[in-house]
Amino acid sequence: MTTPTEDATAAPAAPTDFIREIVMEDLRAGKHTAVHTRFPPEPNGYLHIGHAKAICLGFGIAREFGGVCNVRMDDTNPQKEEAQYVDSILADVKWLISGWADDKLGLKPAGKSPEARELGGKHDFLQAPIAGARLPSDAEPFYASDYFGPIFEFAMQLVRCGKAYVCDMTPEQTDEYRRTGKESPFRNRPVEENLDLLARMKAGEFPDGARTLRARIDMASPNMWMRDPLLYRIRHLEHHHTAAQWCIYPMYDFAHCLSDYIEGITHSLCTLEFEVHRPLYDWILQSLDLPRKLPRQIEFARLNIDYAVISKRKLLQLVGDGSVRGWDDPRMPTISGLRRRGITASAIRSFVTELGVTKYPSLTEYALLEHSVRSEFNKTAQRRFAVLRPIRVVLTNYPRDQVEQLTAINNPEYPAAGSRTVPFSRELFIDSADFMETPPPKYFRLRAGGEVRLKYGYIIKCDEVVKDDRGNVTELRCSADLGSKTGGATSSRKVKVTIHWVSAAHAVDAEVRLYDRLFNAPEPDIDGDFKAHLNPRSLEIVRAKCEPSLGEASLGVPYQFERLAYFALDPDSREENLVFNRTMTLKDTWAKEAKKS
RNA sequence: UGCCUCGUGGUGUAACGGUAGCACGAGAGAUUCUGGAUCUCUUUGUCAAGGUUCGAAUCCUUGCGAGGCAGCCA
């Protein structure tokens with residue numbers, strides 16, 4: 001079985017945006033000879049579509065400019081982080097870049113810590129990546145916590161040159177002083193005393209919150225983050241990666257810039273909320289007399305999509321209270337949820353690429369993601385017949401025991417996908433949406449006394465509508481134009497519509513999960529109560545009748561159930577109970593027309 | 001409130017002092033053994049007011065609006 005993967009997922013023209021322009025200019029000016037980016041998630045949750053944007057940017061730039069993108073666990077807060085998230089994060093990254101930037105993935109040998117070295121008479125630490133398509137099997141992501149030793153040395157260096165001090169104020173006092181721009185009474189502590197107290201903080205002599213290490217910058221700065229920000233806090237907690245080795249942990253601002261430096265990152269890309277931190281990022285690095293080139297932080301707008309919430313905190317709530325079935329629920333905008341729903345990595349990548357990168361905090365329409373999925377799947381997905389809400393059709397003039405094997409085209413957009421056979425017999429199922437006894441105007445499908453073509457089969461006419469006591473249609477008795485089959489004498493007769501069908505005797509049953517948007521408000525959290533806008537009909541489960549070949553459907557492959565939608569096999573699927581997820585509906589101009597009247 | 005950043009059709013973006021373009025969406029039509037796909041056409045925009053300039057979406061000023069930050073979170 002072949003699929004047109006290469007045609008359909010061929011890389012579009014290299015994108016250009018303000019970040020790539022900066023990178024290009026830095027290369028042109030000789031500021032750097034190679035680019036090195038990084039993707040630094042905190043291991044406290046699952047990756048989502050917003051991370052996908054960051055991943056595509058970091059790896060995309062590495063790809064376009066011949067560099068590497070490190071994956072780094074930004075794990076400086078043992079209170080929030082857990083080892084269980086590390087594996088899912090790395091798996092999601094690998095899945096997303098697979099076949100696209102595998103050879104740009106920067107990892108490190110298991111257990112390796114940065115090397116201390118002398119460079120131009122200066123003390124330095126370097127943690128170089130191993131990258132490439134063939135990494136050793138035990139290669140692992142970088143960890144900010146691997147740099148706790150070097151970071152501590154840098155802290156002492158700041159103390160020694162009078163740029164950091166140990167502060168004894170309580171959290172409340174610290175806040176108050178920073179808000180009002182008042183200097184800490186401990187700000188002018190002698191260097192020796194600071195060094196001694198810092199060592200004792202590290203040694204565990206003080207309880208949580210008793211003391212902090214603070215940068216000595218400018219309490220009058222209009223930027224709050226320059227008002228002597230905290231560098232270290234005391235936390236007597238086990239860390240998922242460094243165990244009980246430390247009881248003081250560096251803050252994000254202190255650890256992040258140094259992690260970037262230690263890994264030789266050239267361009268450190270992050271979201272807009274870190275914009276006000278950039279002066280601090282630069283101040284720390286510039287205060288340390290470092291021998292190598294310094295990384296540069298560049299901020300871009302995070303991704304927002306309508307009718308969805310994306311932040312990790314909110315997604316965690318949905319998982320926690322059972323609003324969804326888990327992090328990988330196909331309604332979730334997590335990478336794992338999108339994957340389970342049937343969306344491919346290449347479709348996510350093309351979506352993100354089409355978005356572009358700017359500093360404008362935009363709200364992207366879900367329709368853009370739909371378009372990326374549909375335009376790819378139209379070219380790659382094999383067609384199948386499935387009837388979601390069956391009505392029985394009996395062809396009264398078709399021989400009782402006859403079964404024909406009709407040839408069906410797998411993908412009209414890609415002839416090399418070949419064909420398959422589908423059994424046809426006297427009793428069939430068609431979708432209830434394809435029959436109306438008294439239809440509205442512009443309804444082209446089957447009606448009482450009307451005609452329709454069964455795809456690859458005959459034109460049929462509805463002679464009789466059979467109903468139960470309550471008036472529900474239970475069966476349609478139809479006659480087939482036996483010469484109208486593809487290639488037959490009357491096959492060129494025109495009927496308005498061709499519908500799909502499944503032979504009743506040969507049908508395979510399946511559970512089909514129909515997903516709709518999780519929220520029914522374009523910005524669910526705009527009033528701070530996103531759960532009030534959960535869509536109660538975001539999941540509908542039906543029992544479908546499928547053509548026999550769907551019994552052999554494979555995981556991770558998109559199928560188009562003709563005239564309906566794209567579907568993917570769910571991992572819950574068993575041989576005796578097939579389960580399909582609706583990935584994305586086909587465009588439905590009839591639904592639009594029906595809505596009008 | 002202070003500071004930072006950002007405002008281009010309904011949405012996402014391009015134009016780097018010189019014809020406001022692309023994609024999505026929407027609408028109309030053609031075609032079709034998927035009301036899918038494909039093809040053609042159409043619609044709608046530089047937040048406002050001043051200024052600089054031969055010429056401003058672009059540079060300057062002011063105003064307005066939006067987002068972010070003001071954790072011992074990241």
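Keep in mind the model is a prediction, meaning the values are calculated, not measured.
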If the [atom1] atom of [N] is compared with that of [M], how far apart are they to the nearest Å?
N      : M      : atom1 : result
B:rG65 : B:rC59 : P     : 22 Å
B:rG67 : B:rG27 : C1'   : 33 Å
B:rA48 : B:rA57 : P     : 11 Å
B:rU13 : B:rU8  : P     : 9 Å
B:rC33 : B:rC41 : P     : 24 Å

How would you label the contact of [X] with the nucleic acid (heavy atoms, under 4.0 Å): base, sugar-phosphate, or nothing?
X        : answer
A:Tyr456 : base
A:Thr170 : base
A:Thr212 : base
A:Lys312 : nothing
A:Lys80  : base
A:Leu355 : sugar-phosphate
A:Ser221 : nothing
A:Lys587 : sugar-phosphate
A:Tyr232 : nothing
A:Glu275 : sugar-phosphate
A:Arg278 : nothing
A:Thr486 : base
A:Tyr443 : base

Pairing string of RNA chain B (Watson-Crick or G-U wobble, both atom distances under 3.5 Å; | = paired to other strand) is (((((((..((((....[..)))).(((((.......)))))....(((((..]....))))))))))))....

For [X], all residues meeting ring pair (Phe, Tyr, Trp, His ring centres under 6.0 Å), sequence neighbours excluded:
X        : answer
A:Phe580 : A:Phe561
A:Phe424 : A:Tyr398, A:Tyr458, A:Trp501
A:His371 : none

Contacts of A:Glu176 that satisfy side-chain hydrogen bond (donor to acceptor under 3.5 Å, both in side chains) - sequence neighbours left out: A:Arg179

Check for me whether A:Arg384 meets the cation-pi criterion with A:Tyr559, that is, NZ or CZ under 6.0 Å from the six-membered ring centre and within 45 degrees of the ring axis. no

Checking side-chain polar atoms at under 3.5 Å, does A:Ser484 have a donor or acceptor matched by the opposite partner on A:Arg453? no

Strictly by modelled atom types, are A:Glu299 and A:Gln297 linked by a side-chain donor-acceptor pair under 3.5 Å? yes

If the glycosidic angle is within 90 degrees of 0 it's syn, otherwise anti, so just tell me which one B:rG21 is. anti

So do the side chains of A:Val86 and A:His241 get within less than 4.5 Å of each other, counting heavy atoms only? no

Are there over 12 heavy-atom neighbours, none belonging to A:Lys312, within less than 6.0 Å of that residue's NZ? yes

Contact interval (first through last nucleotide) of RNA chain B with protein chain A, 4.0 Å heavy-atom: B:rC3 to B:rA74

5'-most by nearest nucleotide on RNA chain B - A:Tyr360 or A:Tyr566: A:Tyr360

From A:Tyr252, A:Tyr281, A:Phe300, residue fulfilling ring pair (Phe, Tyr, Trp, His ring centres under 6.0 Å) relative to A:Phe274: A:Tyr252

